[in-house]
Colleague: 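I have a structure I would like to understand better, so I am pasting it below and will then ask my questions one at a time.
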Amino acid sequence: MQLKTLTRYPLIILLLGSIAACEQSYEDQIADLEELASSTIGSGTDFWIVKHSVFGFSERVGLVFGFVSDQEACEEFVQAHSVAFEGSYSCEPAN
């Protein structure tokens, strides 16, 4: 499957960018996202983008919602991001 450009994911990019630019602490930002994800946004399951460190830690770094298939959009984003940044990422159901 050919990687699609990240321009297909303005909501994800906007969300990740807004998290990085906020004055809130990281913990407060994640708490806000977890509250947002506590109920389904739209008709399907929403997905977390999870980053895995080499030390065994995982952290939620993004929330995918608003797509026809949030799981497919998350998996495409994770695949592209893993190649671009040589990291380990996965998708996890948010609700």
Colleague: Measuring from atom CG of Asn95 to atom CZ of Phe65, what distance do you get when rounded to the nearest 0.5 angstrom?
Modeller: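 Atom-to-atom, Asn95:CG and Phe65:CZ are 11.0 Å apart.
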Colleague: Going by salt bridge (Lys or Arg N to Asp or Glu O under 4.0 Å), name the pairs with one or both residues in residues 37-53, residues two or more places apart or in two chains.
Modeller: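 For residues 37-53, and leaving out neighbouring residues, there are no salt bridge (Lys or Arg N to Asp or Glu O under 4.0 Å) pairs at all.
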Colleague: Not counting sequence neighbours, which residues clear side-chain hydrogen bond (donor to acceptor under 3.5 Å, both in side chains) with Ser69? List them please.
Modeller: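 If we apply the side-chain hydrogen bond (donor to acceptor under 3.5 Å, both in side chains) test to Ser69, skipping adjacent residues, there are no hits.
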Colleague: Once you round to the nearest 0.5 Å, how far does CZ of Phe67 lie from CZ of Phe77?
Modeller: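 With rounding to 0.5 Å, CZ (Phe67) is 9.5 Å from CZ (Phe77).
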Colleague: So which heavy atom on Pro93 is nearest to which on Thr45, and how close?
Modeller: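 Heavy atoms only, the tightest pair is CB-CG2, 4.0 Å.
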Colleague: Report the C-alpha distance between Val78 and Ile49 in whole Å, list the side-chain angles of each, state the deciding distance to 0.1 Å, and finish with yes or no for side chain to side chain contact (heavy atoms under 4.5 Å, CB included).
Modeller: CA-CA 7 Å; Val78 162; Ile49 298 170; 4.1 Å; yes
Colleague: How many angstroms lie between atom NE2 of His81 and atom CD of Glu76, to the nearest 0.5 angstrom?
Modeller: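 If we round to the nearest 0.5 Å, His81:NE2 and Glu76:CD are 15.0 Å apart.
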Colleague: Search all heavy atoms of Ser58 against all heavy atoms of Val50 and return the closest pair with its distance.
Modeller: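 Closest approach of Ser58 to Val50, heavy atoms only: CB-CG1, 3.8 Å.
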Colleague: Just checking, any donor-acceptor pair under 3.5 angstrom between side chains of Glu75 and Gln71?
Modeller: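 Looking only at side-chain atoms, Gln71 and Glu75 do form a donor-acceptor pair, the distance falling under 3.5 Å.
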Colleague: Do the non-hydrogen side-chain atoms of Trp48 and Cys91 ever get within less than 4.5 Å of each other?
Modeller: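 Answer no - side chains too far apart.
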Colleague: Using the salt bridge (charged side-chain N to carboxylate O under 4.0 Å, His left out) criterion, which residues pair with Glu92? Sequence neighbours excluded.
Modeller: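 Glu92: salt bridge (charged side-chain N to carboxylate O under 4.0 Å, His left out) contacts with Arg60.
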